[in-house]
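Sequence lines set the chain letters: A, B, ... in the order given, protein chains first and strands last, and positions in each chain run from 1.
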2 protein chains.
Amino acid sequence: MGHGVEPVVSGVFPADILNQDCPSRGVLRHLTDRWTPMIVTVLADGRRARFTELRRAIEGVSPKVLTETLRSMERDGLVGREVTPSIPPRVDYWLTELGASTVAPLAALREWAEQHVSVVEQNRERYDGSAASLGG
Amino acid sequence: MGHGVEPVVSGVFPADILNQDCPSRGVLRHLTDRWTPMIVTVLADGRRARFTELRRAIEGVSPKVLTETLRSMERDGLVGREVTPSIPPRVDYWLTELGASTVAPLAALREWAEQHVSVVEQNRERYDGSAASLGG
DNA sequence: CCGTATCCAAGGTGATACTG
DNA sequence: CAGTATCACCTTGGATACGG
């Protein structure tokens, strides 16, 4: 907690995230980048993986974006990176302790998504249906 | 669980999210839209809020984007919306039961971000520093 | 008050070819 | 193998003015 002490809505004391200038907004945003949760999923439980293993495990990611995401995660201290200068070269990635601490929260979110897909899709159909019948 | 049974990386059995075509990707993405976690934060604990209250509570959000985000959350069944056709009009938002089930996972993520901002920032400085000294 | 309409900037993301 | 370089898209998000 942090920057304000005034309630914004009755009974709501501002989480830092609600504060315009709080850098936690950027951190959260980063943590929820398109491929970050998937990388964390693959590297959970102390697993190491090479670049191509990650690329294969995470369907649809391009090498460019995977590199960018891994770099920024490395920069933030979420993943470690080890280069073995052999031929062919070998690079391994793993979660640091800090990165490992994101596994539980990210897994919870991922599981929520996986478990509620069908309900959400039903809700969408129902909503779109009502909208259509309003128009007709 | 779902679509595949083959391990992608040794010991890694694919979560649905890793599957290219799994709609849970879209759901997760949506759940982590820029303003969704903040809306959920404000509406947690069964609180209701009017449009303008949300807008004030969530610093920096524009009316257009707030509307869009609320609409899509309503479409997915995460928030309820009640219009009171008075003058001036009054519209209330709240979390549905489904929406309320996202509070815990989203709060965990938000708290992670709020609690680790400084560490992440330190890591970034260190990383950028090493990069600079490599160049010089 | 609660939005919508319009226009616009930014950058996240992607496809692909190429290099050490 | 492990990326980088390049180009382009196109969605997300923002500023602002206006309408019911």
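Toward the 5' end of DNA chain D, the nearer of the two residues Arg50(A) and Trp35(B), judged by each one's closest nucleotide, is Arg50(A). Residue order along DNA chain C, read from the 5' end via each residue's closest nucleotide, puts Arg90(B) first among Ser62(A) and Arg90(B). Nearest-nucleotide positions on DNA chain C place Arg34(A) closer to the 5' end than the other of Pro89(A) and Arg34(A).
Rounded to whole angstrom, the span from the CD atom of Gln20(A) across to the C1' atom of dA15(D) amounts to 13 Å. Met38(A) places its CE atom 17 Å from the P atom of dG12(C), with the value rounded to the nearest Å. Remark: P of dG12(C) and CZ of Arg25(B) are 19 Å apart, rounded to the nearest angstrom. Asp33(A) places its CG atom 11 Å from the C1' atom of dG11(C), with the value rounded to the nearest Å. Taking atom CZ of Arg48(A) as the reference point, atom C1' of dC1(D) lies 17 Å away to the nearest angstrom. For Ile87(B) and dC2(C), the CD1 to P distance is 14 Å, given to the nearest whole Å. Look at CD on Glu68(B): it is 13 Å from C1' on dA15(D), rounded to the nearest Å. We find that CZ of Arg71(B) is positioned 11 Å from P of dA5(C), with the value rounded to whole Å.
Across dC1(C), dG3(C), dA2(D), the shortest atom-to-atom separation from the side chain of Val91(A) is found for dA2(D). In the set dG3(D), dT13(C), dA15(D), the nucleotide with an atom closest to the side chain of Lys64(B) is dA15(D).
Here Arg124(A) pairs with Asp76(B) in a salt bridge; the nearest charged N to carboxylate O distance falls below 4.0 Å.
Phosphate proximity of dG3(D) to Tyr93(A): present, with a side-chain N or O under 4.0 Å from OP1 or OP2. Regarding contacts with the backbone of dA2(D), every side-chain N or O of Arg81(A) stays at 4.0 angstrom or more from both OP1 and OP2. The phosphate of dG13(D) has OP1 or OP2 within less than 4.0 Å of a side-chain N or O from Arg29(A).
Between the Arg25(B) side chain and the Asp16(B) main chain, no donor and acceptor come within less than 3.5 Å of each other.
Within the nucleic acid shown, Thr67(B) comes within 4.0 Å of at least one base atom, counting heavy atoms only. Using a 4.0 Å heavy-atom cutoff across all strands shown, Arg55(B) reaches no nucleic acid atom at all.
Under the 4.5 Å side-chain criterion, counting only non-hydrogen atoms from C-beta, Glu74(B) is not in contact with Tyr93(B). In this structure, the side chains of Arg75(A) and Asn123(B) stay at 4.5 Å or more apart for every pair of heavy atoms.
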(message) Please evaluate residues Trp112(A) and Thr102(B) with respect to the criterion side-chain hydrogen bond (donor to acceptor under 3.5 Å, both in side chains), reporting the C-alpha separation (whole Å), side-chain torsions for both, the decisive distance (0.1 Å), and the verdict.
(response) CA-CA 7 Å; Trp112(A) 192 98; Thr102(B) 70; 5.7 Å; no
